[in-house]
Structure formats: C-alpha cells, structure tokens
2 protein chains.
Amino acid sequence: MSLIVHKYGGTSMGSTERIKNVAKRVAKWHRAGFQMVVVPSAMSGETNRLIGLAKEIQAEPDPRELDMLCCTGEQASVALLAMALKAEGLDAIGFSGWQVPIKTDSSYTKARIESIDDTRVKAELNAGKVVIITGFQGIDEAGNQTTLGRGGSDTSAVAIAAAMGAAECLIYTDVDGVYTTDPRVVPEARRMRVVSFEEMLEMASLGSKVLQIRSVEFAGKYRVPTRVLSSLTDPMISLDEEQVSGTLITFEDDEHMEQAVVSGIAFNRDEAKVTIRGVPDKPGVAYQILGQVADANIDVDMIIQNQGSDGTTDFTFTVHRNEFNKTMDLLQNKIQGSVGAREVAGDANVCKVSIVGIGMRSHVGVASLMFKTLSEESINIQMISTSEIKVSVLIDDKYMELAVRALHKAFDLEKVTA
Amino acid sequence: MSLIVHKYGGTSMGSTERIKNVAKRVAKWHRAGFQMVVVPSAMSGETNRLIGLAKEIQAEPDPRELDMLCCTGEQASVALLAMALKAEGLDAIGFSGWQVPIKTDSSYTKARIESIDDTRVKAELNAGKVVIITGFQGIDEAGNQTTLGRGGSDTSAVAIAAAMGAAECLIYTDVDGVYTTDPRVVPEARRMRVVSFEEMLEMASLGSKVLQIRSVEFAGKYRVPTRVLSSLTDPMISLDEEQVSGTLITFEDDEHMEQAVVSGIAFNRDEAKVTIRGVPDKPGVAYQILGQVADANIDVDMIIQNQGSDGTTDFTFTVHRNEFNKTMDLLQNKIQGSVGAREVAGDANVCKVSIVGIGMRSHVGVASLMFKTLSEESINIQMISTSEIKVSVLIDDKYMELAVRALHKAFDLEKVTA
C-alpha cells in the first residue's frame with residue numbers, strides 16, 4: 001500500500017469548517033487505499049497571535065520559550081484534525097514532533113531536522129490509522145522543543161515523506177501551483193505542470209514564497225516527489241497522470257521536464273543595497289568587512305567588488321530590507337573606520353528580479369536577452385549575479401512590475417511549452 | 001535554601017499585563033532567597049475556547065486528542081511567564097508536563113499523577129533558575145499527553161510541591177482564601193486563617209470551588225503545607241506568620257487548628273434527584289440499579305434506600321444536574337423494566353447544603369441544631385447524608401440562600417474563633 005503525505009497550510013486549517021474539509025479530502029485518499037500521514041500548519045493567524053503576545057511581554061522574546069509558545073499552534077491543529085477525521089469515521093492519531101520524535105539541532109526559531117524515527121508512525125499506519133504530525137517543530141537532544149522557522153511545516157512534510165519513503169508529498173496551499181511568475185503582477189503568468197528541483201530551489205531562494213527553501217532542499221536531497229496544489233480547488237484523489245493538478249517538482253532525469261530555456265521569473269522586494277567606497281585594497285579586506293557583517297547576524301545576498309585605479313576598491317552588497325538600518329549603522333560607526341574607507345552609501349528602494357531556467361545551461365544569449373529587454377524599457381541595472389540556471393539583477397524598486405512583465409513576454413512564458 | 005511552589009489561576013494569567021505582575025511577584029520571592037517553582041494555568045477563557053473548537057468539529061471530542069488540544073493552553077502560559085521573568089532580569093526555564101516528566105495513568109481528561117521525576121527540575125533550580133511547569137497535564141506510559149481535568153493545575157502544583165519537598169505550596173487565585181461560606185450568599189462570611197485538611201476535603205467535595213478536590217487529597221497524603229490566597233491583593237513575600245494572608249490548610253496535629261464545632265457551610269446547586277419506587281426487595285437489587293448507572297459513566301452522590309411494608313423498596317439518589325436527563329432516560333427505558341419497579345420520578349430543582357467541621361467529632365447535637373434551624377425557616381429536608389465531620393441535606397433549590405444564611409448565623413460563623 002503506498003504512503004502519501006499531505007501538508008495543509010494555515011489557510012486550509014483556518015476554521016473548524018475548513019478543518020472538516022481537510023478531513024474529507026484525507027478520508028477520500030485513505031478510502032482510495034493509501035496510507036496517509038498529514039502535516040497541518042497552525043490555524044491562520046495563530047502563530048502571529050502568539051508572537052504578538054510574546055512581544056507584549058518581552059521585546060525580543062527568549063528563543064527557547066518562543067519556540068515552546070509557538071509549538072502550541074500546530075499541536076492544536078493536529079488535535080482538531082484528528083477529531084475531524086474521527087468524525088468522518090476514520091481512525092486517526094495525532095503526534096507532536098517530540099512524540100515521533102523528530103530530532104533537530106538546538107537552533108531555536110530556525111532549527112534543522114537531524115533525524116526522524118519512523119517506528120511509532122509506521123506502527124500506527126499499519127494499524128490502519130491516519131497519522132497526523134505537527135509541522136514546524138521538533139525536539140533537540142536535551143528534550144527542548146524547537147521550531148524550524150516560518151514556513152517550516154513544508155520542510156516537516158517533505159522530511160517526513162523522505163523518512164517514511166512516501167510515494168509523494170502533496171503540499172496543499174492557497175495557490176494552485178508554481179507559476180512562471182506572480183499572477184498578481186503578470187496576469188498572463190502560467191502554472192507550470194512540472195518544475196525541476198533546481199529551478200524550484202532558485203525560485204524559492206529568489207523570493208517566490210510558494211515553498212520554504214529548506215523543504216525544496218529536502219525534496220532534492222532525498223528525491224521526494226513533491227507537488228504543490230490548492231486545497232480549495234484541487235479535486236484529485238489519485239496520482240493518476242490524467243487527474244493531476246498543481247505543480248510537481250521533478251528531478252533531472254524525469255521524462256516530464258519542461259525544456260523551456262527560461263521557466264520562470266522570480267522577484268524580491270525585500271532587498272536593500274549598501275556600498276562602502278574607497279577601501280584600501282589589500283588581502284583580507286573583504287573578510288574584514290563581510291566578516292563583521294556576518295558576526296552581527298546579518299545575512300548578505302548579492303556581493304560585488306570593484307577595483308579602482310587608485311589602489312582602493314568598492315564593495316556593494318545587499319541585505320534584507322529589515323536589516324538595512326542595522327547594516328548602515330554598523331558600516332558607518334564601526335567598519336568604515338576600521339578599514340579606512342572613504343564613504344558609505346545605501347539604498348533601500350531596490351528590488352531583485354531573476355530569470356530561472358534549467359535550459360539556460362545549454363543556451364547562450366539568455367542573459368543578454370534579459371539585459372536587452374530591460375534596456376528597451378530604460379531600466380538601469382545596478383547589480384548582476386548569476387548561477388548556472390539563473391540570472392538576477394538589482395534594479396530600482398519602482399520598475400519591478402514593468403521589468404517582470406517585459407521579461408515574461410520576452411521569454412515567451414505565457415505559452416505552454418511542455 | 002527553601003523551595004516554594006506558586007500556582008497561578010487563569011484569571012491571574014489572564015493578560016500579558018497580568019502575567020507581568022505574576023513575574024514581579026515571583027521575582028520578589030526569588031530575590032528574597034527562595035528557590036521557586038511556578039505552575040500557571042492557561043490564560044482565562046483559553047481552555048473553553050479550545051473545547052469550543054473541538055465541539056464544533058466533533059460533538060463528543062475524542063478524549064486523547066482533546067487532551068492534546070487542551071495541553072496547549074498551559075504550555076503557552078508557561079512560555080509567556082518564562083519570558084516575563086527574563087524580562088524581569090531573572091533566569092527562568094519553562095517545561096511542559098512531559099518534559100519533567102510528570103507521569104500519569106492513561107485516563108484522558110481525568111488522568112491521575114503517578115510519579116514526578118525531580119531530576120531535571122532540581123538541576124535547573126540549583127543553577128539558579130526559576131522553573132515554570134505546566135499545570136493540568138502529564139504524559140502516560142506510552143508517551144501520550146494527558147490532562148487531569150478542570151482545576152487540575154491545583155493538583156499539579158501540590159503534587160510538584162510534594163515531589164520536590166517544598167516548604168509551602170501557595171495557590172494564588174482570584175479569592176483571598178477559604179471562607180466560612182460563599183460571601184456572595186452570606187455577606188458576613190469570614191475568611192478562615194487556617195482550615196484542617198479534612199475540612200478542606202469535605203468543602204471541596206461539597207462544591208466549594210476554591211481548590212480541586214484531588215489537590216486537597218495530595219496535600220493531605222503528602223502533608224504539603226498549602227495556602228490559598230489572592231494574586232490581586234496579597235502583599236506577602238515571606239512565610240513569616242505576621243505577614244501571612246490567605247487560608248492555610250493544616251494537619252490535625254498542627255497547633256493553629258481552629259476549634260469551632262462547625263467551620264464552614266458548603267453548598268452545591270449542581271444536584272438532581274431521581275427516585276425509583278416499588279422495586280421488589282431482594283438481595284442484589286441495589287447493585288442491579290446502581291451498577292447500571294455506574295456503567296453509563298454517571299457519578300452518583302447521595303444514595304438512600306427505604307424499605308416499604310409490601311415487600312418492595314424505594315431508592316433515591318442524586319446525580320450531577322447535567323446528567324439528569326440521561327439518568328431519567330436510563331431508569332425509565334432500561335432499569336425500571338429490568339428490576340420490575342413501579343415508578344420512576346425525578347427533580348432537578350434541588351440543592352445540597354452541608355455543614356463541615358472537624359469539631360463535630362467530639363460534639364453531639366450538631367446535626368440536630370442544623371435540622372432545627374432549617375425547620376424554623378420551614379425548609380423541608382428531602383435527603384440527609386452524614387460523615388464524621390459533615391452533615392449534608394438536600395433541599396428545594398429555591399431555599400438555598402435562605403438555608404445557608406440561617407445556618408451561618410446559627411453556628412456563629414461570623415465570629416472569629418481562632
């Protein structure tokens with residue numbers, strides 16, 4: 001009997017009525033002969049409510065206790081869904097991460113899964129039960145509860161699917177799949193029937209919020225067939241090709257790979273750019289600057305270095321917009337003096353637009369078509385960063401929609417290619 | 001260094017503002033040199049909210065999943081209180097029952113504590129931390145979460161105090177102690193400075209809702225000095241006699257025992273009376289009737305049997321008012337036929353009024369003063385039940401306040417006797 005993992009997001013679990021609908025869908029699958037593990041998120045709004053309470057008490061909530069607090073949201077969802085399944089006439093049992101157990105490291109609020117013990121879950125599945133497991137959380141070596149960070153339930157679901165050898169992991173959400181770009185920006189955006197793991201990884205890292213990036217990494221590492229689909233519209237109750245909806249993440253050698261040069265366009269408004277100019281150019285200076293930024297727990301995204309002719313060099317890098325002020329402060333009051341730089345500048349009104357496609361590997365001229373398209377719209381490119389299957393540019397915030405629409409059209413993404 | 005256990009009820013934990021006040025009080029005690037364990041309830045309203053969600057999904061929620069759901073309320077409280085203590089500059093750590101662990105049996109929604117492992121808690125206390133532990137819950141042999149039933153946090157606190165050898169267990173609530181009767185009914189009701197364990201046990205079982213009865217049993221079994229006091233008004237931060245507020249539960253040989261004949265008057269409106277008349281009187285008939293009632297999970301309180309002269313007998317017993325209809329149904333449609341009874345009657349408009357006092361043991365005439373007082377008010381007594389230290393009567397509901405006031409006066413309870 002194949003095992004299927006379903007993951008339901010906060011919107012799908014948003015009310016008792018919706019939880020009953022989730023139970024109906026799970027019951028259909030179970031009755032169709034599948035063993036089922038279900039991973040629900042907290043009811044929509046619950047995690048924010050809990051974090052709000054925490055912040056009323058402590059401006060920067062203690063991470064261990066914050067995790068202990070936030071874990072309650074998913075635990076409540078699990079218990080309610082188990083009841084809903086019983087009300088549907090199925091036998092069901094709910095587990096918190098610590099009961100499985102799902103072992104993680106001790107990095108509160110952003111823990112990483114280390115191992116999943118499948119013994120108890122397997123026993124319950126073999127006893128004919130639907131097993132419901134909290135997303136988003138686990139337990140560390142010392143027995144403390146940990147959470148995986150926002151969106152962590154995706155990762156839990158894929159990791160559980162990997163550990164249990166599931167036939168497929170279905171991520172039910174409030175969108176019906178992965179699109180060539182955000183349909184709110186480009187109405188012609190098209191749902192991809194399949195997307196390669198590598199493309200999905202780039203899309204997730206570039207700001208497409210459909211899946212948490214770590215869940216994509218897990219899917220790739222363990223080659224878990226993972227599908228993103230809508231809990232509101234999907235009618236499917238089998239893995240039969242003809243009935244499939246959503247977007248399936250596939251692996252390179254899969255036959256269904258779309259062969260488009262560019263598969264999708266991702267964008268991210270959460271960027272801010274900082275520049276430190278006139279730094280005396282000697283070995284170790286990059287580390288002196290970026291090491292201090294990392295020590296302050298600031299994540300850096302794009303980095304470019306430009307050598308001047310006067311023996312100095314300029315560094316430009318991007319950080320999350322929320323950390324712009326902190327970064328500027330660090331540069332102006334600490335780093336500038338220590339490295340003897342001439343000046344520090346910053347701009348929080350930037351965004352990153354990226355084209356992603358596994359087909360790029362074997363096609364030349366993709367980047368140049370991107371630059372030409374932007375140039376025709378008179379959009380100035382501030383930074384460029386490339387990987388084997390993506391090209392990202394940093395541009396002025398206000399041109400974002402224009403750039404995405406122009407690129408979507410230039411790369412023919414509105415046309416079905418598979 | 002003595003160890004003190006504080007327990008805070010839902011009202012004391014009712015908002016982030018109030019949680020901060022709890023933290024301030026705990027911090028005061030900690031700074032005064034005590035090791036502190038704190039047991040908070042769920043925020044007021046939270047458990048009802050969760051049960052409400054469960055009932056929207058399943059009319060009779062699955063007990064295991066209901067416990068898993070309800071456990072989240074106290075877990076959130078623990079985490080928030082730990083943050084509040086950290087915000088006060090103390091080091092604190094929160095544990096769920098399963099983390100301690102507090103081991104219970106597997107009777108979901110009404111589990112009993114079997115053992116408490118003090119290893120981890122002691123280690124954290126010795127490291128200078130305030131330890132916060134969820135009330136109301138534990139973990140069974142198989143690793144499932146269980147709850148102790150409504151009011152179970154009192155029991156958790158006393159059991160933890162017993163297991164850890166605490167000097168005193170302080171139950172902070174929204175009343176400032178145990179009164180001779182409910183002050184809302186008798187304005188002259190007086191707070192008792194001390195109450196014997198046996199009296200407290202009777203008061204709790206008779207419907208005084210200040211403490212869950214099992215917490216009183218624990219206090220008695222392990223002789224844990226337990227004090228009920230108000231988190232809103234109590235200024236005390238030491239165990240110094242002169243500063244003490246609230247009501248201390250003492251044990252027989254304690255010197256502070258109040259020697260009043262009657263210490264308090266309890267009453268309970270949650271009673272309903274059922275009668276089955278004309279039952280052919282033969283051995284085993286009581287079991288035939290009450291056994292079937294017990295099998296239906298209906299708790300019976302008072303029971304009387306009255307033999308007639310025609311070879312038949314009448315049984316009257318009381319049940320919780322919520323189970324009145326279920327009981328009548330069972331009697332009329334099942335038991336009446338099976339035992340060949342003549343008729344079944346019931347009355348849900350009754351209440352139980354009880355006088356309680358350890359002094360009764362050595363005083364005659366206490367019951368007769370009670371009956372005389374009620375008779376002078378023309379209140380008809382429907383049933384009587386006695387124990388060594390209490391007399392209970394069942395009367396018409398509408399006379400309850402009148403009866404309690406008259407008895408309070410007749411036994412001179414408004415006067416301080418200690």
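Labels below follow one simple rule: chain letters A, B, ... track the order of the sequence lines, proteins then strands, and each chain is numbered from 1. Here the structure is a predicted model, which means the values were calculated and not measured.
- The distance from the CE atom of A:Met83 to the CD atom of B:Glu60 is 12.5 Å, given to the nearest 0.5 Å.
- Put simply, the side chain of A:Lys86 never gets that close to the backbone of B:Glu65: no donor and acceptor are under 3.5 Å apart.
- For a residue to count as touching a neighbouring chain, one of its non-hydrogen atoms must lie under 4.5 Å from one of that chain's; by this rule A:Ala92 touches chain B with the backbone only.
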Check against side chain to side chain contact (heavy atoms under 4.5 Å, CB included), B:Gln99 and A:Met68: CA-CA 11 Å; B:Gln99 287 174 309; A:Met68 183 171 183; 4.1 Å; yes
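- Taking CG of B:Leu53 as the start and CE of A:Met43 as the end, the distance is 5.5 Å to the nearest 0.5 Å.
- Heavy atoms from other residues, nucleotides or ligands lying under 6.0 Å from NZ of A:Lys326 number more than 12.
- The line from CG of A:Leu69 to OG1 of B:Thr72 is 10.0 Å long, rounded to the nearest 0.5 Å.
- Only the side chain of A:Ile139 has a heavy atom closer than 4.5 Å to any heavy atom of chain B.
- For A:Ile93, the parts sitting under 4.5 Å from any heavy atom of chain B are the backbone and the side chain alike.
- A:Leu80 contributes atom CG, which lies 4.5 Å from atom CD1 of B:Ile57 (distance to the nearest 0.5 angstrom).
- Interface remark: A:Ser96 contributes backbone and side-chain atoms alike to the contact with chain B (heavy atom separation under 4.5 Å).
- Contact annotation for A:Asn144: both backbone and side-chain heavy atoms come within less than 4.5 Å of a heavy atom of chain B.
- In summary, the side chains of B:Gln75 and A:Gln145 do present a donor paired with an acceptor at a separation below 3.5 Å, with no hydrogens or angles considered.
- A:Asp62 contributes atom CG, which lies 11.0 Å from atom CG of B:Leu85 (distance to the nearest 0.5 angstrom).
- Under the 3.5 Å distance criterion, the side-chain polar atoms of A:Arg64 are left unmatched by any main-chain donor or acceptor of B:Ala79.
- Heavy-atom neighbours of B:Arg120 CZ from other residues, nucleotides or ligands within 6.0 Å: above the threshold of 12.
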